[in-house]
Every structure is written in C-alpha cells, then in structure tokens.
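Have a look at the structure below before the remarks.
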Number of protein chains: 2
Amino acid sequence: MRLDTNTLNTARPAGGAALPPSGLPEIALFAGCPELIGSPFSYAREEEVYGEGEETEYVYKIVSGAVRTCRILADGRRQIHGFHLPGDLFGFEPGQTHRLTAEAIADTRVLMFKRRQLERIATRNVEVACQLWTMTARNLQHAEEHMLLLGRRTALERVAAFIIEMDARLGGTGSIELPMSRRDIADYLGLTLETVSRSVSQLQQDRALALSGARRVVLNRPAMSRIVED
Amino acid sequence: MRLDTNTLNTARPAGGAALPPSGLPEIALFAGCPELIGSPFSYAREEEVYGEGEETEYVYKIVSGAVRTCRILADGRRQIHGFHLPGDLFGFEPGQTHRLTAEAIADTRVLMFKRRQLERIATRNVEVACQLWTMTARNLQHAEEHMLLLGRRTALERVAAFIIEMDARLGGTGSIELPMSRRDIADYLGLTLETVSRSVSQLQQDRALALSGARRVVLNRPAMSRIVED
DNA sequence: CGGGTGATTGAGCCCGCTCAACTCTCGTGG
DNA sequence: CCACGAGAGTTGAGCGGGCTCAATCACCCG
C-alpha cells in the first residue's frame, strides 16, 4: 500500500527527521520565495485553529506539535480528515470559507501566512502556483487512499495502515511517538476507540509491533506490510 | 448535507439538463480556450478507459454515457471513487501515472485531450491554470465529503445521500435514471449490493422515494434530506 | 498516595455481511 | 405469441465484526 504524506514538504530533509534538530525552521513558506514571511503563533492542546465556515484568511505551517482537521455531524459523529505534523502546510482551501475544523492535538507552534498574499504571488510566480496545485493534488491523492481504507478495509488493516503511514511521515525510522489519542485515531479510521485499542493489542500479540506506553510504537515493518498488502 | 459535483462544469447550463438537449456539446475543453480541441472517441459498456499505473497521457470529457474511477485490492475488494457524467472532466491527475482505473459504466462517448498540451497552455494562461486547480480542489472537496460518509454514516444515510447527490448532478429535477448497477453503488458507498438494495427498499417503504424499475427514481426531497441531515 | 485522564479488556448486541433462493426484466428465437 | 435463458435486483435466514456499555488498569502530576 502506498500512503503518501499529504504535505508540502519544504522543511524536512529527504529521509531525515521532521525538522532539522539544530537550527530554527526557515520562516519563509517556500524556498524560492523570500518575500513570504510567516508570523509565529501558538495554540494550546485542544485549542481550535479555525472552525468550519470561517473565512479562509490564513495558511499555516506547523513548526512543532500537531493539528487535526475534521468534520462533525450534529449528533456528535466525527470524521478526522487528516493529521498535520511539523513541516506540513494546512488551511489552504479554495473558496471563501473553511470546510473543515482545525484543532491542535498537542501544544503547537505555527507560522501564519496571509492567504491573499500567497495567492497574489501565485498568480505571478508559476513556480509557487505549481507548488500550491501539487499540494492540493497530494491532498487529493491522500484522500483517495483514505477512501479505499474507509470503504473496504477491516479494522486491523486500517490500524496497521495508519501506523505505517505515521511511521513514514515521522521519519520512517520504524520507531515513533504517536501525537494523537486513541479517539483521534478512531475518528480518523472510522472506528471506535475500543476497536482501535483492540486492534493495536492484536498487532502486538502478532508481533507486528511493540508498545512502550500507549503512544510509543516500534514496528516490525515486514509483518505490518503483510497485513495491509493489496 | 452539501454534496458538490466533482466536475468542471462547462457544458451544463446552470440548473439545466446535463447537456443542452438540442445542439452538440462544444468540442473545446474550456470556453475561453478555442485552441484546445478534443478528439471524439467511444467506449463500450464495461470497457476500460485506462488502468491503474498507466501513463496519464489524455484527459477526457464525457459527451454521453458514464464512467467510474476505482481502485481494486488483490482479493477483489473494490472502492469506486467517483462517477463521471456527461459534461464531466476526468483523467487529469498530477504525476506520470494514473492512480485509479477508469471504466465505462454504459456505452460512452468522450472527447480526448492531450494532457501535455493542456499543461503547456496552463503554464501560459492563468485562467486555464486556475480552472485546473479549481477542478482538483473540487475533487478534493468531494473526497472529503465522501470520507465523512464512508467513515461515519449508516447504510441508509449513505444510500440516501447518494441518491440526493445523483439527483443534483443529473439536473436536480427530483426524477432520475441511475446509470449504474447496485454493485457499483455498493462499491461507491462501501456497502454490499444486498445492503444497497435493502436500503432502497426501506426508503421506498418510508415514502422517501419511489421506484419504477430498479433504476428510475423519483425522490421525496424533504424526506430524503431529513435522513442525511447533519 | 490519591485523583484524573486515557487506554485496555470483557460481555453482549446489532448492523451490515454472507450465502442462498427467488423474482423481475428484457432480449432472443421458435 | 409465448418459451426460454441470462443478468440484475430483491428478499430471507443466519452469522460475525465491530459497536455499546461497563469495569478495570496504567500512567501522570499533584
């Protein structure tokens, strides 16, 4: 299974950590675009970044922490559409208003960019316009992969695919610290938190992964891949 | 629930039928772009238009008929990502290869456009580039809506939402002819064909819709909306 | 040491799946 | 005109994966 990150990756060196461990992340949005400078901002754990229906005024790039974007039905059912990790860009949607809600999963630092300014540059700079389109396309690709998962995968396959995706996005070292709760995972995978927990236990029993605490995961890559193979 | 068509609508007059009932559909892809002329082509029912992994050489615009795009797992599980109806554009994916398979649901006539040529024009014509981006964005929006459906909706809600979506895309008259089989609907909604059939029967019993034959549907819009309301 | 949050585990149930029989429609040919 | 067959759709019976509800456990942080 091929799960691409749904991110425009500018800060992350190929195959390296989520952020350069030493220096600060660059403040410009794109490498070739020094006139786009972001304003640093912070959100506390569980704080809303923007809500469904709000004006799409800013675009955000995560420096540290993590953000979820989701939709909620009137009766409380929630579908998380994606998780955004350090280096990821989010909040860029066509149209005047956000169709999703964005909330910080952990204490999160971001850089904010004026959407208007970004668009103004995109109309002039083909490079930037292309990067924006690529980002939207990558989001679409991720969504397509996720639809297959939601529509046709079993609970065990979903959880395994999720862990593999997270490992890939967090550096691909095979040893990760999940930033989100079981409930968040469940709402991302279209399951209940109990089923997620049971599936993780199952994977551990099958020696496909090892836990230390609930969130620290070491994966047995071959075994995990075998579960989700298509 | 707001379900947008995932189409770049150029041929369809606002609120009108899928195609102007009289004249032929225009042969150019975009209204303001007469140099892009498509070649007519036809596919028989169940014929493949392109397969997963093939080169993305052409973009297609449907003149008549219908096409599904899907992914299939090794064990036969299939997820249909979308249906493409007259006036819709499909086959435009970033990257060198198609990530989805496209097949004709019914005998279908299309116009084919060289992807390369389209991209060449897009780099020069901001208007066209913007339309392409809007199309990708609309596909993404549709995908987001669909993820909520696949992850958090009941079978009855899914089927009701599907009929509403089809009505909207087929003219919004409240009386439609479904071009696809129960199996196709099932693979779109992440259900089995039996469950789709049962749900349709249920909706009929609840007076939310009326059938004549399996594919001709007249909907009771208020009752249908009540079922999927969020 | 409690207290609180998050995660795990257990027991039972139900929605949607599986398997199977039946019906309906429609095209073909006698 | 009906007979027939094939494919699509419907309906029924029973099962099971994932959900619900609830109890327990693990881990922080005072």
Side-chain angles (χ1 to χ4, degrees), chain A residues 44-46 66 68 73 75-80 105-107 149-163 176-206 209-217 227, chain B residues 44-46 66 68 73 75-79 105-107 149-163 177-206 209-217 227:
Chain A
R45 196 168 155 280
E46 296 296 308
R68 63 178 176 243
L73 297 178
D75 59 7
R77 285 178 285 180
R78 183 178 70 159
Q79 179 65 41
I80 292 179
I105 289 172
D107 293 344
L149 180 146
L150 291 173
R152 289 298 176 218
R153 294 276 192 193
T154 66
L156 200 69
E157 290 172 342
R158 293 183 202 200
V159 173
F162 171 74
I163 306 257
I176 57 176
E177 177 86 26
L178 295 173
M180 71 289 287
S181 69
R182 294 290 189 263
R183 162 155 294 284
D184 285 337
I185 298 172
D187 286 347
Y188 179 60
L189 298 177
L191 300 169
T192 60
L193 66 92
E194 293 95 332
T195 298
V196 170
S197 184
R198 273 184 255 270
S199 299
V200 170
S201 298
Q202 181 70 53
L203 289 171
Q204 197 172 14
Q205 215 170 335
D206 297 352
L209 58 77
L211 291 181
S212 30
R215 304 214 177 172
R216 176 109 230 127
V217 183
I227 290 167
Chain B
R45 197 169 154 282
E46 296 297 307
R68 62 176 176 246
L73 296 178
D75 59 8
R77 284 178 286 179
R78 183 178 70 158
Q79 180 64 41
I105 289 173
D107 293 343
L149 181 145
L150 291 172
R152 290 298 177 218
R153 294 279 193 190
T154 66
L156 200 71
E157 290 171 343
R158 293 183 202 199
V159 172
F162 171 74
I163 306 256
E177 179 86 27
L178 296 172
M180 70 291 286
S181 69
R182 293 289 188 263
R183 162 156 294 284
D184 284 338
I185 298 172
D187 286 346
Y188 179 60
L189 299 178
L191 300 169
T192 60
L193 66 90
E194 293 94 331
T195 298
V196 170
S197 185
R198 271 184 256 272
S199 298
V200 170
S201 298
Q202 180 70 51
L203 290 171
Q204 198 172 14
Q205 215 168 337
D206 297 351
L209 57 78
L211 291 181
S212 29
R215 303 211 177 177
R216 179 107 228 127
V217 183
I227 291 167

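Keep in mind that this is a model prediction, so the values were computed, not measured. Side-chain atoms are counted along with the backbone in the values below, which use heavy atoms only and exclude waters and symmetry mates. Just so it is clear: chains get the letters A, B, ... in the order the sequence lines come, proteins before strands, and each one is counted from 1.
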query: Rounding to a whole Å, what distance do you find between A:Glu157:CD and D:dG17:C1'?
result: 13 Å
- prompt: Looking at B:Ser201, does any N or O in its side chain come under 4.0 Å of the phosphate oxygens OP1/OP2 on D:dT11?
  reply: yes
task: Using only side-chain N and O atoms of A:Arg215, determine if any of them is under 4.0 Å from OP1 or OP2 of C:dA7.
output: yes
query: Is the shortest side-chain N/O distance from A:Thr192 to OP1 or OP2 of D:dC19 below 4.0 Å?
result: yes
message: Nearest whole Å is fine: how far is D:dA8 C1' from B:Asp184 CG?
response: 12 Å
field: Single hit among A:Val159, A:Leu203, A:Ile176 for side chain to side chain contact (heavy atoms under 4.5 Å, CB included) with A:Leu209
entry: A:Leu203
Could you run down the sub-3.5 Å N/O contacts of the protein with nucleotides 12-15 of chain D?
unit_1 : atom_1 : unit_2   : atom_2 : d
D:dG12 : N7     : B:Arg198 : NH1    : 2.8
D:dG12 : O6     : B:Arg198 : NH2    : 3.1

message: Using 0.5 Å steps for rounding, measure from the CG atom of A:Asp187 to the CZ atom of B:Arg152.
response: 4.5 Å
query: Atom CD of A:Glu177 to atom C1' of C:dG6: distance rounded to whole Å?
result: 14 Å
- prompt: Touch check for B:Leu193, heavy atoms < 4.0 angstrom, all strands: base, sugar-phosphate only, or nothing?
  reply: base
N or O in side chain of A:Thr154 less than 4.0 angstrom from D:dG17 OP1/OP2: no
task: May I ask you to evaluate whether A:Arg45 reaches the phosphate of C:dG6, defined as a side-chain N or O under 4.0 Å from OP1 or OP2?
output: yes
- request: Please answer whether the main-chain N or O of A:Arg153 pairs with a side-chain N or O of A:Arg158 as donor and acceptor at a distance below 3.5 Å.
  value: yes
field: Nearest-angstrom distance from the residue atom CG of B:Asp75 to C1' of C:dC17
entry: 15 Å
Length of the CD-P vector between B:Gln204 and D:dG9, whole Å: 14 Å
- prompt: Which whole-number value in Å describes the distance from B:Arg216 CZ to D:dG9 C1'?
  reply: 18 Å
Between D:dG17 (C1') and A:Arg153 (CZ): distance, integer Å: 17 Å
message: What I'd like to find out is whether the side chain of A:Thr195 reaches to under 4.5 Å of the side chain of A:Leu189, using heavy atoms alone.
response: no
Side-chain N,O (B:Ser197) to OP1/OP2 (D:dT10) below 4.0 Å: yes
Candidate nucleotides D:dG18, D:dT10, C:dT8, ranked by approach to the side chain of A:Ala214 - the nearest: C:dT8
query: If you round to the nearest 0.5 Å, how far is CZ of A:Arg215 from CZ of A:Arg182?
result: 7.5 Å
- request: Please tell me which of A:Thr195 and A:Arg152 maps to the more 5' nucleotide of DNA chain C, matching each residue to the nucleotide holding its nearest heavy atom.
  value: A:Thr195
query: Hey, what do you get for CZ (A:Arg78) to CZ (A:Arg183), rounding to the nearest 0.5 Å?
result: 6.5 Å
- prompt: Rounded to the Å, how far apart are A:Leu189 CG and D:dC19 P?
  reply: 11 Å
Contact check, side chains of A:Thr154 and B:Arg77, non-hydrogen atoms, under 4.5 Å: yes
